[in-house]
Trainee: 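So that we are looking at the same thing, I have put the structure below in structure tokens.
Side chains included, hydrogens not; waters and symmetry mates left out as well; all remaining heavy atoms used. This structure is a prediction, so every number in the text was calculated from the model and none was measured. If you read the sequence from its start, that first residue is 1, and numbering goes on from there.
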Amino acid sequence: MRWLVLYARSRQVPAALAVAVAVAGAPAVWALAGDGAAPGDPRPAALVLTVVAAVASTGLGGQDHALDRTAAIRWWTRRTAHVLLAGTAVCGMVLGLRVLGANLATTAFVVRDAAGLMGLAALGAAVCGAAHAWTLPVGWLALSSFSPPLTGVPLEAVTWMLQPPGTVAATCTALTLTVTGTIAYAVTGPRG
């Protein structure tokens, strides 16, 4: 077998992909049934993106943490590629729902949120371990959904994943999370 196939299997990518497709398909069925949220409501799209990113985060650690630490290969390149490809897959899954007729959000919204959420998941893997990497994206969604009334830039930074595309503070927050999380995960790997 090639190293890419072995890497994907050791990171449970096929299983995570199957679960992510099932999770992403549920809102499509819901939207097609006519029971969707109000037009322009970002919460369903943010929820789907968060759940798919949380599912993708399960593959941010291997089966044997000690083996990953002692391998004689450059893990930082593979870890960086893993986060970027997972973010691309999250984007593709949600944008692919348009084929089924479920247009949850604009492309800019999906790309910004998918990048920020995968950065959060990568940061979660570096800080909490791969098994608990999902806690940061899910926790931030809860914080965004139930945050107290704030005004101005603090509100836009805290609720970045629910802000409309083009909101400067939301875009900067997502970009910062993407870069910080990816670098932390690439350099340190998942916490053991």
Trainee: Using 0.5 Å steps for rounding, measure from the CZ atom of Arg112 to the OG1 atom of Thr178.
Mentor: 10.5 Å
Trainee: Say whether, by atom type as modelled, one donor and one acceptor occur between the side chain of Thr167 and the main chain of Gln163 under 3.5 angstrom.
Mentor: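 Not a single qualifying donor-acceptor pair exists.
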Trainee: Mind checking whether Phe109 and Pro164 have side chains closer than 4.5 Å, heavy atoms only?
Mentor: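 Of all side-chain heavy-atom pairs linking Pro164 with Phe109, none is under 4.5 Å.
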Trainee: Do the non-hydrogen side-chain atoms of Leu177 and Thr173 ever get within less than 4.5 Å of each other?
Mentor: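 The answer is yes, as the side chains (C-beta and beyond) meet within the 4.5 Å cut-off.
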Trainee: Holding to side chain to side chain donor-acceptor pair (under 3.5 Å), I want the full list of residues that pass it with Thr80, two or more places apart in sequence or in another chain.
Mentor: none
Trainee: Of all the heavy-atom pairs spanning Ala186 and Arg79, show the shortest one and how long it is.
Mentor: O-NH1, 3.2 Å
Trainee: Determine, using the 4.5 Å side-chain heavy-atom cutoff (strictly less than), whether Val111 and Leu84 are members of one ILVMFWY cluster.
Mentor: no
Trainee: Below 3.5 Å, can you tabulate the donor-acceptor pairs from side chains in residues 116-142 to any protein atom, sequence neighbours excluded?
Mentor:
from   : atom 1 : to     : atom 2 : distance (Å)
Trp134 : NE1    : Ala131 : O      : 3.2
Thr135 : OG1    : His132 : O      : 2.7
Trp140 : NE1    : Val158 : O      : 2.7

Trainee: Against Val48, only a single residue in Val94, Val90, Val110 fulfils side chain to side chain contact (heavy atoms under 4.5 Å, CB included); can you say which?
Mentor: Val94
Trainee: Give, for atom OG of Ser144 and atom CZ of Arg43, the distance between the pair rounded to the nearest 0.5 Å.
Mentor: 12.0 Å
Trainee: So Val187 and Trp76, do their side chains get closer than 4.5 Å, heavy atoms only?
Mentor: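 A side-chain contact under 4.5 Å is absent here.
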Trainee: Closer than 3.5 angstrom, by distance alone: can the side chain of Thr58 be matched with the main-chain N or O of Val55 as a donor-acceptor pair?
Mentor: yes
Trainee: Do the non-hydrogen side-chain atoms of Thr50 and Met161 ever get within less than 4.5 Å of each other?
Mentor: yes
Trainee: Please evaluate residues Thr171 and Trp160 with respect to the criterion side chain to side chain contact (heavy atoms under 4.5 Å, CB included), reporting the C-alpha separation (whole Å), side-chain torsions for both, the decisive distance (0.1 Å), and the verdict.
Mentor: CA-CA 7 Å; Thr171 303; Trp160 65 270; over 6 Å; no
